[in-house]
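To keep things clear, I will list the structure first and then write my remarks on it.
In this text the structure is predicted, and so the values were computed from the model without any measurement.
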Amino acid sequence: MSLRDSITKQHIFGDPEDTNSYVVSEKQIPPAFRNMVINDNFTVEIRGTWKTNNNSMGGTYLGYVMVDEAKGKLYYMEGFVYFPNEVHRDALREIQTILLNTDISWKENQGA
């Protein structure tokens with residue numbers, strides 16, 4: 001969770017004009033974790049809730065942490081939903097489809 005929070009604090013802002021308004025993991029509702037294997041790599045699926053540090057907005061997220069031991073790399077992919085007063089189930093299913101069908105190997109081929 002600290003990896004996620006360090007990424008979102010640096011890159012995802014509640015208000016892009018105000019870098020003091022950033023996304024953090026919601027602590028009152030613990031996230032759900034599920035271990036799985038994707039492309040022969042150990043992966044952890046994380047489902048949780050997020051908010052901005054100033055409590056101005058929040059929502060749900062779905063993330064995957066993948067360990068590629070052969071390449072010595074750790075990948076983190078996430079999608080999140082901000083859809084106040086609505087059920088997020090269908091949006092999270094779309095995010096899951098996108099993330100599980102993302103080919104992360106193209107970055108190695110592009111020199112990233």
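Using a 4.5 Å cut-off on side-chain heavy atoms (C-beta onward), Ile38 and Met66 make contact. By the 4.5 Å heavy-atom criterion applied to side chains, Ile46 and Val65 are counted as neighbours. Side-chain atoms of Phe33 and Met1, non-hydrogen and from C-beta on, do get closer than 4.5 Å to each other. Contact annotation: the side chain of Met36 approaches that of Tyr64 to within less than 4.5 Å [non-hydrogen atoms, C-beta and beyond].
Phe80 is linked by a ring-ring contact (aromatic ring centres under 6.0 Å, His included) to Trp50, counting only residues two or more places apart in sequence or in another chain. Contacts of Asp90 classified as salt bridge (Lys or Arg N to Asp or Glu O under 4.0 Å), with partners at least two apart in sequence or in another chain: none.
At a threshold of 4.5 Å between side-chain heavy atoms, the hydrophobic network of Ile, Leu, Val, Met, Phe, Trp and Tyr places Leu100 and Met77 in one connected group. Clustering ILVMFWY residues whenever any of their side-chain heavy atoms sit less than 4.5 angstrom apart, transitively, puts Leu62 in a cluster other than the one holding Val24. Under the 4.5 Å side-chain heavy-atom criterion for Ile, Leu, Val, Met, Phe, Trp and Tyr, Leu74 and Phe42 are members of the same hydrophobic cluster. Residues Leu92 and Ile12 do not share a hydrophobic cluster, clusters being chains of Ile/Leu/Val/Met/Phe/Trp/Tyr side chains in contact below 4.5 Å. Put simply, Tyr75 and Ile95 are part of the same group of oily side chains (I, L, V, M, F, W, Y) that touch within less than 4.5 Å, one to the next.
No donor-acceptor contact under 3.5 angstrom links the side chains of Arg47 and Thr60, judged on distance only. For the residue pair Glu78 and Tyr61, no side-chain donor N or O sits within less than 3.5 Å of a side-chain acceptor on the partner. In this structure, a donor-acceptor pair under 3.5 Å is absent between the side chains of Thr43 and Asn41.
Other residues, nucleotides and ligands contribute over 12 non-hydrogen atoms within 6.0 Å of the OH atom of Tyr76. Environment of NZ in Lys27: crowded, with over 12 heavy atoms of neighbouring residues, nucleotides or ligands closer than 6.0 Å. More than 12 heavy atoms of other residues, nucleotides or ligands sit less than 6.0 Å from atom CG of Asn35.
Rounding to the nearest 0.5 Å gives a distance of 8.5 Å between NE2 of His11 and OG of Ser6. Here Phe13 contributes atom CZ and Thr52 contributes atom OG1; the two are 12.5 Å apart, rounded to the nearest 0.5 Å.
Between Arg4 and Ser25, the shortest heavy-atom contact is NH1-OG, 3.1 Å. Counting all heavy atoms, side chain and backbone alike, Gly79 lies closest to Leu99 at N-CD1, 3.8 Å.
In this structure a side-chain-to-backbone donor-acceptor pair under 3.5 Å is present from Asn53 to Asn20. Remark: the backbone N or O of Gly59 is not paired with any side-chain donor or acceptor of His88 at under 3.5 angstrom.
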